[in-house]
Amino acid sequence: MVIKTDLWLVLLSFVLALLCGFIFVPLLQRLKAGQSILRYVELHANKAGTPTMGGIIFILPIVSVAAVLVDWQTTPLAIMLIVASFGYGLVGFLDDFLKIKHHQNLGLRAYQKIIGQLGIALLVAWFYTRSNPAGEIWVPFFNCYWQIGGVGIFALTLLILVATTNAVNLTDGLDGLAGSTSLVYLLFLYALLSLTDWGDEIVIISHIIAISIGSLAAYLLFNTKKASVFMGDTGSLFLGGLIAMVSLFSGLGLVIVVLGIMFVWSALSTMLQVAFFKITKGKRIFRMAPFHHHLEQRGWQEPKIVALYVMITAVMGVVLILSLMYV
């Protein structure tokens with residue numbers, strides 16, 4: 001039974017990620033792989049020196065266990081998912097490495113990160129278009145599949161990948177925020193998949209989601225306030241790519257707009273802030289962007305902000321499941 005197998009995978013990945021945490025957190029501390037804190041985030045001054053690159057803790061179990069599970073001849077989408085997610089992790093790793101090397105919160109230039117992300121996204125979009133030439137994708141709340149064609153699915157894949165990787169990266173600004181929100185997202189995505197027909201590729205994707213859930217749960221033991229390690233761009237770019245691809249490849253790419261509403265809001269609040277600042281020559285909509293920093297500036301404690309993001313994500317997940325069951 002698939003769900004029974006997935007429960008074992010959750011447990012296995014949890015244990016492996018826990019072991020990775022006990023190994024890599026002290027190692028990163030000894031290597032002085034500390035995070036530099038931006039000078040304008042004054043509330044985070046006490047976090048300076050906390051090890052970064054902690055995404056390794058969940059990346060290694062996800063990639064290694066998934067690589068063993070996939071059929072390297074009959075599940076091409078699952079293979080692309082693993083390889084491309086790892087590629088995003090490498091881009092993030094390079095960014096983190098440069099930050100540590102130069103002892104500042106500036107690694108890769110923005111255009112360099114975009115080139116790396118876009119290059120991987122183009123490869124994934126080309127590959128997915130070949131696997132789904134009709135561009136079939138599930139439409140939330142209408143409980144139907146929309147065929148947008150090869151060009152449409154190519155463009156949508158590019159958009160979702162680039163937007164999601166950057167949105168998750170922006171959400172990774174508080175202890176446990178990106179990890180907790182991603183964990184709830186994946187739990188509800190799995191629930192949505194459990195209500196659909198299972199094909200060979202969907203079964204493998206469900207396994208990868210289960211592995212990711214277990215690994216993230218263990219990682220959060222090291223990342224919730226007060227965090228002993230940050231996921232860094234290594235983890236956030238990997239996680240963003242993974243979330244985008246498990247959603248797309250399962251035919252549920254559009255749910256990101258609903259279930260991933262807090263990722264969307266992190267990106268949107270930042271864009272609104274930047275645009276308004278430029279248009280008004282110095283005025284701001286929020287005290288600070290992304291929005292979770294605005295809440296911090298208003299006196300909210302980090303655990304309360306994390307709880308808000310998690311609850312909103314869970315509510316949207318429940319709404320999606322009810323729409324699937326009753327529409």
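Fair warning: this is a prediction, and the values are worked out from it, not measured in the lab. Positions are given from 1, in the same order as the sequence printed here.
From Ile261, atom CD1 reaches atom OH of Tyr309 across 10.5 Å, with rounding to the nearest 0.5 Å.
Ser269 places a side-chain N or O within 3.5 Å of a backbone atom of Ser266 that can act as its donor or acceptor partner. Side-chain atoms of Asp96 never come within 3.5 Å of backbone atoms of Gly232 as a donor-acceptor pair (strictly under, hydrogens ignored).
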* Check the pair Arg287, Arg298 against side-chain contact (heavy atoms from CB on, under 4.5 Å), reporting the backbone distance first and the verdict last. => CA-CA 8 Å; Arg287 293 189 179 184; Arg298 290 184 62 88; 4.0 Å; yes

* For Leu254 and Leu156, what are the C-alpha separation, side-chain angles and deciding distance, and is it a side-chain contact (heavy atoms from CB on, under 4.5 Å)? -> CA-CA 9 Å; Leu254 294 180; Leu156 183 64; 4.1 Å; yes

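Val246 and Leu159 are assigned to two separate hydrophobic clusters, defined by single-linkage of ILVMFWY side chains at heavy-atom distances under 4.5 Å. Note on Val257: it does not cluster hydrophobically with Leu242, by side-chain heavy-atom contacts below 4.5 Å among ILVMFWY residues.
Taking 4.0 Å as the cut-off between side-chain N and carboxylate O, Asp175 and Lys226 do not count as a salt-bridged pair.
For Ala210, the side-chain contact (heavy atoms from CB on, under 4.5 Å) partners two or more places apart in sequence, or in a different chain, are Asp6, Leu9, Val10. Every residue meeting the ring-ring contact (aromatic ring centres under 6.0 Å, His included) condition with His294, not counting sequence neighbours, appears here in chain and number order: Phe286, Phe291.
When every heavy atom of Gly173 is checked against every heavy atom of His293, the shortest pair comes out as O-CE1, 3.7 Å. Closest of all the heavy-atom pairs between Ile209 and Leu186 is CG2-O, 3.5 Å.
Partner Ile79 forms a side-chain contact (heavy atoms from CB on, under 4.5 Å) with one of Leu81, Ile82, Val83, Leu77 and no other, that one being Val83.
Aromatic ring centres of Phe222 and Phe24 lie farther apart than the 6.0 Å criterion allows.
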